[in-house]
Amino acid sequence: MDTRRSEQAGAPNPAGVRAQGGSLAPGRVVGDGRYRLLAQFGIDERAGAHLWRARDGQLRRDVALTLLVGDPADAEAARLARRTLDRAAHGAKFGHGGVARVLDVLSLGSGITSTEGLLGVVVAEWTKGSDLVDLVAERPVAPAAAARMVQQLAEAVERAHQNGLVLGLDHPQRLRLTPDGALKLAFPGPLPDATLRDDVKALGAVLYLLLTGRWALPGGPAAIPAAPQGPGGRLVPPRSLVPSVPVELSALAVRTIEDGGHGGIRTSAAILSVLGQVAEAEERTQLMKAIGATEEGQPESDGTIWTTKKPVKDAARRKKLALGVTVLVVAVVGILAWLGMLAISLFQSDPDATGPKVNVAAPSASSTPPPDGGQQPAPPPAQPGGVGPAADPAAVNVYNPEGAGDNPGRAKNAADGDPGTMWRTEQYKQQFPAVKPGVGLVFTFKDPIKLAQVKITSDKPGTKVKILSADSKDAGLDETKELAAADVGEGESTISLPTPTDGKFFIVWITQLADIDNGKHMTQLGEVSFLPAA
């Protein structure tokens, strides 16, 4: 049972809550003798709300009770309870499959007495199913299933917000999973100061919980671990905890919960848009995997093999075919190589062939002699256009203000002097900034340079970048300064700064990815060179 207490202003007296709540037990009858308590399903201690399943003695049916526990003599606690009851009564007119219907609202003098130790009761229809805390107790939910669950809950939030209602679903024990796999607000009763934004953040927190088994908002139950935080207090993305989580879902959860920074999600409509695309793409992926496994005669999840062909003969036939194709390819390559060598020998031996003869073994007259005495060669001359030789960064890191970056182990490839070694982003099913505002690399120099020009080598056109300067490699996006923006084409692209800028930290910030096959988006950077002013 959760014994923690939030320190929000205006919350009822904790001591009073515990003293009154201690008398609640299965078998007790509340609400003028009408509702018999059966089992407790949680406590939202931010408002002293005890969540119970009870039996309606008059209508002989189970109901969900949100019991607002507190001292009736506490005027402030009573005022806050009335605010919650008023909101619940107003929401009784709202109907949606994602929210349990409010049946009645009881207050002091109207359904309950001061001797019951309650400030109010919200009575709702009972939601069959399972507890959300129990759902994630053993393992996180599969990403596609999590997207569908939150999608249905977000539809209820969107409908409620269109009607000017706050649902108050920012506590996991208020939610239940129905037998058909849908999330439902089972214990209505929004906090007195809850806002529309709190509902939207709650959707992100529920998605985070399903993906990781951790709760990312304050005031959660003790049975669920709190979500970890990274440097600067930023929320650690779900993908960093569970690598199988798709990038889009991970970014959606973080962008929905966090208030600061760029690219935040503030409406349930935006959440629905992303969730719909992610769920559809994930289902397509799983379907293609299933089809591929079936076509190959691989065991399905129940251990059976579903195929119209005999596996052994079919496998043997494929092996023979693959061997034959391999032999044929090797033979063709050998013939082509022999023909090439024959053509070269004919040209070299033809006395009538025109053009100068070049002896590749002999150095040309203009070759630079090797340095003698073990001395190092002179530094390269200054580049044209007022820039000097490229400066080598001391470190390269992935820059992603929203958490862990894309392929951080390959970041060094972008400044190793070899354009053939690549740093690449993840493959995204949506273009920036729909998924997140961007991603990039931060280059750290040992000493400040006066940057005048940046050269970027890439093998995929269609990327858009911005060159940013920062005071540290961990600076927030709103703490950077934009120096230039450009499109990166295939091959080498040169970006000249309007004004050379001094600094030790420069960021190549990708705001649009290149398009690749199957409707996906990704960018690869082979080499990034920083040329100071001459």
Side-chain angles (χ1 to χ4, degrees), residues 8 10 44 46-47 49 51 64 66 80 82-103 105 122 124-125 127 132 146-178 182-210 215-220 248-249 251-279 433-435:
Q8 295 181 354
D44 186 350
R46 300 170 302 167
L51 314 175
T66 300
L80 294 173
R82 285 194 301 270
R83 172 63 173 158
T84 293
L85 296 175
D86 289 343
R87 287 184 141 192
H90 187 50
K93 305 174 184 178
F94 176 70
H96 191 279
V99 180
R101 186 165 55 96
V102 175
L103 304 175
V105 175
V122 179
E125 62 182 358
T127 301
L132 185 57
R148 286 193 299 270
M149 292 178 188
V150 178
Q151 187 176 13
Q152 296 171 357
L153 194 61
E155 291 172 355
V157 173
E158 176 64 13
R159 183 78 61 81
H161 287 188
Q162 289 175 356
N163 289 273
L165 297 175
V166 176
L167 293 183
L169 42 78
D170 53 345
H171 192 282
Q173 290 178 324
R174 289 182 178 266
L175 304 174
R176 289 179 64 77
L177 183 68
T178 65
L183 285 179
K184 189 171 186 176
L185 178 59
F187 296 94
L191 298 182
D193 55 353
T195 65
L196 299 178
R197 171 66 181 140
D198 291 327
D199 277 350
V200 175
K201 292 175 68 173
L203 291 174
V206 172
L207 177 60
Y208 196 105
L209 174 66
L210 295 174
W215 186 247
L217 293 178
E248 293 86 352
L249 279 185
L252 175 63
V254 173
R255 292 175 60 195
T256 303
I257 296 171
E258 292 188 336
D259 288 315
H262 296 267
I265 293 179
R266 300 292 180 265
T267 66
S268 52
I271 296 175
L272 281 170
S273 176
V274 177
L275 284 177
Q277 297 176 28
V278 171
V435 179

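Just so you know, these numbers use all the heavy atoms, side chains as well, and skip hydrogens, waters and symmetry mates. This is a predicted model, so every value here is computed, not measured.
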Donor-acceptor check, side chain of [X] to backbone of [Y], threshold 3.5 angstrom: yes or no?
X: D44; Y: A49; result: no
X: R255; Y: I265; result: no
X: D199; Y: L196; result: no
X: R159; Y: F94; result: no

Pairs involving residues 83-94, ordered by first then second residue, that meet salt bridge (charged side-chain N to carboxylate O under 4.0 Å, His left out) (sequence neighbours left out): none
Residues that T84 engages under side-chain contact (heavy atoms from CB on, under 4.5 Å), provided they are two or more places apart: L68, P192
Which residues share a side-chain contact (heavy atoms from CB on, under 4.5 Å) with L177, sequence neighbours left out: S130, L135, M149, L183
With [X] via salt bridge (Lys or Arg N to Asp or Glu O under 4.0 Å) - residues at least two apart:
X: R176; value: none
X: R101; value: none
X: D170; value: R46

Just verifying a value: how many Å separate [X] [atom1] and [Y] [atom2], rounded to the nearest 0.5 Å?
X: L153; Y: R148; atom1: CG; atom2: CZ; answer: 15.0 Å
X: F187; Y: Q173; atom1: CZ; atom2: CD; answer: 9.0 Å
X: T267; Y: L272; atom1: OG1; atom2: CG; answer: 8.5 Å

Donor-acceptor pair between Q162 and E158 side chains, under 3.5 angstrom: yes
For residues [X] and [Y], determine if any side-chain heavy atom of one lies less than 4.5 Å from a side-chain heavy atom of the other.
X: L252; Y: L275; answer: yes
X: V206; Y: W215; answer: yes
X: V200; Y: R266; answer: no

